[in-house]
Number of protein chains: 4
Amino acid sequence: MDGFQRRKALKKTKILKAALDLFKAHGVQKVSVAEIANKANVSQVTIYNYFESKDKLMEETIIYYVDQAWLEAEELLSSDVSFPEKIKLLIFNKKEAASNIHEDFYLYFMKEYSNGSSYIEEFYEKKAIPKMVELFNEGRKKGFVDPEISNEAIMFYIYMIKEYMQREDVYDKILPYTEDITKLLFYGIAGDRKK
Amino acid sequence: MDGFQRRKALKKTKILKAALDLFKAHGVQKVSVAEIANKANVSQVTIYNYFESKDKLMEETIIYYVDQAWLEAEELLSSDVSFPEKIKLLIFNKKEAASNIHEDFYLYFMKEYSNGSSYIEEFYEKKAIPKMVELFNEGRKKGFVDPEISNEAIMFYIYMIKEYMQREDVYDKILPYTEDITKLLFYGIAGDRKK
Amino acid sequence: MDGFQRRKALKKTKILKAALDLFKAHGVQKVSVAEIANKANVSQVTIYNYFESKDKLMEETIIYYVDQAWLEAEELLSSDVSFPEKIKLLIFNKKEAASNIHEDFYLYFMKEYSNGSSYIEEFYEKKAIPKMVELFNEGRKKGFVDPEISNEAIMFYIYMIKEYMQREDVYDKILPYTEDITKLLFYGIAGDRKK
Amino acid sequence: MDGFQRRKALKKTKILKAALDLFKAHGVQKVSVAEIANKANVSQVTIYNYFESKDKLMEETIIYYVDQAWLEAEELLSSDVSFPEKIKLLIFNKKEAASNIHEDFYLYFMKEYSNGSSYIEEFYEKKAIPKMVELFNEGRKKGFVDPEISNEAIMFYIYMIKEYMQREDVYDKILPYTEDITKLLFYGIAGDRKK
DNA sequence: TATGAATGAGCATTCATTCAT
DNA sequence: TATGAATGAATGCTCATTCAT
């Protein structure tokens with residue numbers, strides 16, 4: 001990558017960062033291209049030169065965000081803590097890049113995901129899901145996970161909780177019940193019947 | 001209620017219905033007052049006469065929606081099926097008014113709820129929560145519910161799943177895992193360890 | 001005037017009063033027909049039944065106002081005070097119906113006057129001007145008024161000052177200079193050179 | 001000022017000119033931003049880019065107008081004519097930028113003035129008033145001005161007449177009485193009693 | 001006669017996008 | 001490449017006026 005391209009990439013990142021910050025804070029719909037340009041200290045047209053349209057910018061912002069978030073998640077998954085702890089951190093760890101996402105942005109993110117936008121789709125298929133499956137298998141080996149439950153269902157479950165926790169209005173309300181939620185995740189509403 | 005008022009109420013309902021349909025389908029922000037007026041076959045101004053502003057219209061639309069949804073939920077809760085079946089239906093019953101809500105509308109709904117808008121808040125406090133608590137207590141009596149888990153946590157859990165299922169992009173994907181999800185809800189990822 | 005007509009007249013007056021109050025307070029342009037209807041406790045349509053249009057309502061409101069103001073002015077002019085005192089009161093007497101008129105209303109009033117709307121025109125010609133001329137002649141007889149100055153010019157002068165004083169933004173600022181203004185009116189910027 | 005800025009300033013002036021013309025002719029409230037845009041041959045949005053809002057545009061238009069009017073007034077005041085002639089010209093000189101202002105615009109102008117909008121306020125304090133005081137002092141030295149009358153009162157008087165003359169409906173009617181008005185200004189309704 | 005309901009036309013303002021340099 | 005300037009289209013909202021009872 002020569003100087004030109006490096007500078008170009010830098011500027012792109014600057015724009016993506018600005019966009020991500022604003023999208024996270026106020027949602028996609030409420031943020032105008034002008035605001036992003038302003039925050040990134042570039043002209044609106046520069047944004048169009050790099051990203052074609054607000055829609056495309058949003059797509060790339062999501063990709064940028066996914067990449068960042070994945071770095072954090074991967075670190076956690078590869079770390080040396082017990083299975084239950086991993087699960088708990090995965091769900092409640094507020095440090096993650098995702099923290100305090102404006103719901104509106106999350107929606108766009110999820111839509112992107114389910115729309116089959118190749119990058120996100122591939123990211124899940126090639127990176128996120130395998131790593132999670134690996135985690136569950138580890139959990140099964142250690143007796144934490146019911147062998148009869150499909151990985152898909154568990155994943156759905158975990159993403160669901162995680163996502164729910166991201167919501168501004170939910171997190172604080174639910175924090176006091178962290179223990180209960182964890183218990184529910186592991187043993188369901190019927191409780192640990194072995195005890 | 002005389003003829004005048006009846007007609008007024010009818011028109012109001014017509015507008016609310018149109019608004020609800022459109023909000024559900026495309027979200028609040030993407031639907032213009034003009035579109036609602038069009039769909040309801042009234043003039044924009046009539047909407048303003050009845051509802052003051054788009055914001056207020058949205059509030060009333062949410063109330064209208066909650067009322068409708070509650071009718072269905074209450075029927076289910078009062079019906080003569082077993083506890084597990086009730087829970088399952090509560091979560092997966094697609095017949096409910098809520099079906100296929102555009103996420104954006106849901107966001108507004110939840111914001112309304114957490115903002116302490118009196119009607120919704122009161123609705124939960126006075127109607128929804130008591131009925132749910134009653135359900136859980138019944139479940140506990142019959143041994144389906146861990147006595148150590150708080151009602152709040154369970155409710156959070158159920159609403160979370162329910163809400164998640166409402167999402168256009170999720171429902172179809174998750175349907176095949178209905179059984180697994182139900183199991184997870186009841187026994188968690190550890191599975192029914194009593195078996 | 002039978003009961004019907006009396007009630008009709010009463011309602012008309014009620015509307016005119018409401019309109020006048022609002023016009024005075026906020027100007028003609030900022031007051032909507034709905035507000036007038038509201039303040040007068042009648043329906044908008046009733047206003048249209050009586051006055052045809054907002055424009056016509058305004059015309060009649062002005063007439064109503066002129067009639068009221070004239071009553072006060074006439075009383076003053078017919079009273080038993082000296083010529084200079086009369087002039088002074090005429091100009092500075094804040095009690096008059098006109099007090100604290102929103103400028104915007106005054107504009108409409110003056111436009112009406114200069115447009116040759118028959119009533120106002122006639123009012124001036126038949127009532128106001130003759131009375132003023134009478135006053136000036138009395139003033140001339142007593143040596144207060146230069147015989148060489150035309151009545152028209154004096155009238156213009158007095159109306160001008162009076163009108164200027166009506167303006168919200170002017171009255172308070174100018175009050176401290178009341179004496180100076182009066183002197184200027186009587187002796188001009190050159191001052192009383194006889195002294 | 002480079003080419004960019006020059007063109008920008010030019011366009012701004014073009015808009016201000018259009019706005020001033022329209023405001024003068026029909027008043028502020030009756031003129032829509034669209035009309036101004038049309039007359040200035042720019043898009044509405046351009047106006048918003050330059051002036052933020054209709055209100056701000058109006059403020060700047062007033063400033064623009066004051067500046068223009070002052071240029072003419074200053075020239076007159078610095079010219080080599082007698083004191084009485086200066087006063088007369090000041091009042092009756094129709095050439096001035098102010099000519100035939102719609103009253104509504106004048107209201108906004110005066111409101112601006114009395115609201116303490118810094119520019120106009122400062123303009124009066126630093127420029128207009130000192131120059132006028134200078135004029136009066138000159139008049140006093142030459143025996144045209146009563147030493148006992150305050151500058152404030154005289155200024156009030158002159159502005160009042162000037163303003164009154166600006167009004168569309170007044171000027172033509174009053175023109176025949178120019179001489180009388182001037183006499184009244186100098187000697188009051190009592191007349192020049194020295195004669 | 002009186003009125004609640006309804007409306008077409010208009011307004012200030014915002015925004016994603018393109019033009020011209 | 002980068003940008004200041006410009007814009008068409010749309011939006012929420014208001015108002016004087018008319019309809020229908």
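Convention: sequence-line order gives letters A, B, ...; per-chain numbering from 1. On a predicted model such as this, the values are computed, not experimentally measured, just so you know.
With respect to the salt-bridge test (charged N to carboxylate O, under 4.0 angstrom), the residues C:Glu60 and C:Lys12 qualify.
Atom CD in D:Gln29 sits roughly 12 Å away from atom P in F:dA16 (whole-Å rounding). Look at CG on C:Asn49: it is 15 Å from C1' on F:dA16, rounded to the nearest Å. Going from atom CD of C:Gln44 over to atom P of F:dT21 covers 19 Å, rounded to whole Å. Atom P of nucleotide E:dA5 and atom NZ of B:Lys14 are separated by 14 Å, given to the nearest angstrom. Rounded to a whole Å, the CZ atom of C:Phe51 is 14 Å from the P atom of F:dT17. In this structure, D:Lys12 atom NZ and F:dA6 atom P are separated by 12 Å, rounded to whole Å. Between the CD1 atom of A:Ile36 and the P atom of F:dT3 there is a distance of 16 Å, rounded to whole Å. With rounding to whole Å, C:Met58 atom CE is found 14 Å from F:dA16 atom C1'.
Searching all strands for a Watson-Crick or G-U wobble partner of E:dT21 with both distances below 3.5 Å returns F:dA2. Nucleotide F:dT7 has E:dA16 as its partner under the Watson-Crick or G-U criteria, with both atom distances under 3.5 Å. In this entry F:dC13 has E:dG10 as its Watson-Crick or G-U wobble partner, both defining distances falling under 3.5 Å.
Residue A:Ser53 places its side chain closer to E:dT17 than to any other of E:dA2, E:dT17, F:dA6. In the set F:dT14, E:dT17, F:dT17, F:dT14 carries the atom at the smallest distance from any side-chain atom of B:Tyr48. Residue A:Val42 places its side chain closer to F:dT3 than to any other of E:dT7, F:dT3, F:dC13. For C:Val45, taking side-chain heavy atoms from C-beta onward, the closest of the listed nucleotides E:dG4, F:dT7, F:dA6 is E:dG4. Side-chain proximity of A:Ser43 to the nucleotides F:dT3, F:dG8, E:dT17 is greatest for F:dT3. Distance from the side chain of D:Tyr50 is smallest to F:dA6 among F:dT11, F:dA6, E:dT17. For D:Val33, counting side-chain heavy atoms from C-beta on, the closest listed nucleotide (E:dA12, F:dT3, F:dG12) is E:dA12.
Among the heavy atoms of the strands lying under 4.0 Å from A:Lys11 are primed sugar atoms or P, OP1, OP2 only; no base atom is included.
In this structure, the side chains of B:Val33 and B:Tyr48 come closer than 4.5 Å at one or more pairs of heavy atoms.
Between A:Tyr108 and A:Phe23, a ring centre-to-centre spacing not shorter than 6.0 Å is recorded.
Heavy atoms of other residues, nucleotides or ligands lying less than 6.0 angstrom from NZ of D:Lys14 number more than 12. Residue-environment remark: NZ (C:Lys17) stays at or below the threshold of 12 foreign heavy atoms within 6.0 Å.
Taking CD1 of D:Ile47 as the reference point, atom NZ of D:Lys56 lies at 15.5 Å (rounded to 0.5 Å).
Under 4.0 angstrom from either OP1 or OP2 of F:dT11 there lies no side-chain N or O belonging to B:Lys30. For the pair D:Thr46 and F:dA5, the criterion of a side-chain N or O lying under 4.0 Å from OP1 or OP2 is not met.
Of the two residues near DNA chain F, B:Val28 and A:Lys8, the one whose nearest nucleotide lies more 5' is A:Lys8.
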